[in-house]
**Student:** 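Before we start, here is the structure in question, set down as structure tokens.
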Amino acid sequence: MSSDLEFTGERYVPGIAGEIAHEHWHRYAFARPLCAGRRVLDVSCGEGYGSALLAGVATSVLGVDIAAEAIAHALDAYAERANLRFAQGSAAALPLADASVDVAVSFETIEHLPAADQPRMLAELARVLRPDGLLVLSAPNPVEYSQA
């Protein structure tokens with residue numbers, strides 16, 4: 001692989017064992033049936049493992065991440081998937097046309113944005129989703145993740 005990503009504790013990298021693997025994979029497993037036969041956007045896709053999982057059932061998937069190294073890795077790691085693309089971009093300024101996706105997923109993203117960009121992210125998701133589109137979003141529960 002031309003670009004190996006180091007596990008930093010924030011961006012999950014497949015192959016890391018333990019609870020973190022379950023936390024990350026289960027979100028995509030939950031969303032997968034909702035994406036069947038649909039055009040999907042994965043915001044903050046990281047290295048692309050979740051986008052690839054969704055591409056197994058979706059018509060098409062676009063994974064977007066702000067990190068150039070994550071997108072480079074994803075393009076290399078999942079190049080064989082014809083219905084899977086990746087693009088560098090911000091969750092607060094998505095590189096997509098209006099009403100262009102059926103389902104948007106974004107897991108553990110919004111809390112990483114500056115407070116001013118959080119409403120922008122939600123507005124962007126609303127902009128790119130079709131009128132009957134579906135948003136699947138998660139954010140950490142600080143009581144469970146930090147205090148417990």
Side-chain angles (χ1 to χ4, degrees), residues 1 3-78 80-81 83-96 100-115 117-130 132-148:
M1 202 168 297
S3 57
D4 290 325
L5 293 177
E6 180 181 331
F7 175 64
T8 64
E10 281 296 329
R11 177 177 48 229
Y12 175 70
V13 178
I16 301 297
E19 187 175 334
I20 191 167
H22 300 289
E23 291 172 358
H24 283 263
W25 283 96
H26 89 271
R27 293 177 184 105
Y28 284 102
F30 171 83
R32 195 169 192 256
L34 302 170
C35 297
R38 297 182 173 183
R39 293 170 297 165
V40 178
L41 168 65
D42 183 6
V43 178
S44 194
C45 66
E47 75 83 62
Y49 72 94
S51 299
L53 183 67
L54 299 177
V57 298
T59 300
S60 64
V61 176
L62 173 63
V64 174
D65 201 281
I66 199 161
E69 68 276 9
I71 294 300
H73 175 91
L75 288 167
D76 186 47
Y78 306 102
E80 76 284 353
R81 293 305 226 357
N83 67 334
L84 178 57
R85 298 179 302 119
F86 294 96
Q88 186 177 2
S90 168
L94 295 167
L96 288 144
S100 58
V101 296
D102 303 306
V103 180
V105 300
S106 186
F107 301 126
E108 313 300 293
T109 303
I110 197 163
E111 72 278 5
H112 292 282
L113 298 177
D117 281 346
Q118 292 175 3
R120 290 185 188 116
M121 176 184 169
L122 294 174
E124 278 293 278
L125 290 165
R127 180 185 67 78
V128 301
L129 276 168
R130 293 172 41 101
D132 60 347
L134 176 66
L135 172 61
V136 183
L137 182 136
S138 71
N141 177 341
V143 172
E144 290 298 317
Y145 281 94
S146 301
Q147 298 163 9

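Just so it is clear, the structure is predicted and the values come from calculations on it, not from any experiment.
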**Student:** Any sub-3.5 Å donor-acceptor pair from Arg27's side-chain atoms to Val136's backbone N or O?
**Tutor:**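 Absent.
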**Student:** Taking the side chain as C-beta and beyond, is there a heavy-atom pair between Leu137 and Leu125 under 4.5 Å?
**Tutor:**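 Answer yes - side chains close enough.
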**Student:** Which heavy-atom pair separates Cys35 from Val103 by the least distance, and what is that distance?
**Tutor:**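 That would be SG-CG1, 3.9 Å.
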**Student:** Using a 6.0 Å cut-off, check whether atom CZ of Arg39 has over 12 heavy atoms from anything other than its own residue.
**Tutor:**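 For Arg39, atom CZ is crowded (more than 12 foreign heavy atoms under 6.0 Å).
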**Student:** Using only atom types and a distance under 3.5 Å, with no angle test, would you say the side chain of Glu124 pairs donor to acceptor with the backbone of Leu94?
**Tutor:**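 Yes, Glu124 side chain to Leu94 backbone: donor-acceptor pair under 3.5 Å.
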**Student:** Main chain of Ala74, side chain of Glu47: is a donor-acceptor contact present, judged purely on distance under 3.5 Å?
**Tutor:**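 No, Glu47 side chain to Ala74 backbone: no donor-acceptor pair under 3.5 Å.
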**Student:** Could you pull out the closest heavy-atom pair between Leu84 and Ala52, with the gap in Å?
**Tutor:**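 So the two residues come closest at CD2-CA, 3.7 Å.
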**Student:** Please give me the minimum heavy-atom distance between Leu75 and Phe86, naming the atom from each residue.
**Tutor:**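 In terms of heavy atoms, the two residues are closest at CD2-CB, 4.0 Å.
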**Student:** Walk me through whether Ser90 and Arg120 qualify under side-chain contact (heavy atoms from CB on, under 4.5 Å).
**Tutor:** CA-CA 10 Å; Ser90 168; Arg120 290 185 188 116; over 6 Å; no
**Student:** Taking side chain to side chain donor-acceptor pair (under 3.5 Å) as the cut-off, I'd like each qualifying pair that reaches into residues 50-62, sequence neighbours left out, listed once.
**Tutor:**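 Residue pairs with at least one partner in residues 50-62: Asp42-Ser51.
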**Student:** Return the minimal non-hydrogen interatomic distance between Ala29 and Leu53, and the atom names on each side.
**Tutor:**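 That would be N-CD2, 4.1 Å.
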**Student:** Describe, in one word, how the ring planes of His73 and Tyr78 are oriented to each other, choosing from parallel (under 30°), tilted (30 to 60°) and perpendicular (over 60°).
**Tutor:**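 Taking Tyr78 first and then His73, their aromatic rings stand perpendicular (interplane angle over 60°).
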**Student:** Taking C-beta and beyond as the side chain, do Ile110 and Leu122 meet within less than 4.5 Å on heavy atoms?
**Tutor:**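 Counting from C-beta outward, Ile110 and Leu122 do come under 4.5 Å.
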**Student:** Pair Cys45, Ile71 - check side-chain contact (heavy atoms from CB on, under 4.5 Å), show working.
**Tutor:** CA-CA 8 Å; Cys45 66; Ile71 294 300; 4.0 Å; yes
**Student:** Between Gln118 and Leu113, is there a donor-acceptor pair closer than 3.5 Å when you use the side chain of the first and the backbone of the second?
**Tutor:**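 Yes, the answer is positive, given that a donor and an acceptor are paired below the 3.5 Å cut-off.
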**Student:** Do you know which two heavy atoms are closest between Asp65 and Ser44, and how far apart they sit?
**Tutor:**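 Closest pair (atom of Asp65, atom of Ser44, distance): OD2-C, 3.3 Å.
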**Student:** Which heavy atom in Val64 sits nearest to a heavy atom in Pro95, and how many Å separate them?
**Tutor:**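 Reported closest heavy-atom pair: CG1-CD, 4.1 Å.
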**Student:** Counting only N and O atoms by type, is there a donor-acceptor contact under 3.5 Å from the side chain of Asn83 to the main-chain atoms of Ala55?
**Tutor:**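 Between the backbone of Ala55 and the side chain of Asn83 there is a qualifying donor-acceptor contact (under 3.5 Å).
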**Student:** To the nearest 0.5 Å, how far apart are CG in Leu34 and CG in Asp102?
**Tutor:**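 Leu34 CG to Asp102 CG: 12.0 Å, rounded to 0.5 Å.
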**Student:** Determine whether Leu134 and Arg38 make a side-chain contact, defined as any pair of heavy atoms from C-beta on separated by less than 4.5 Å.
**Tutor:**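 Touching, per the 4.5 Å side-chain cut-off.
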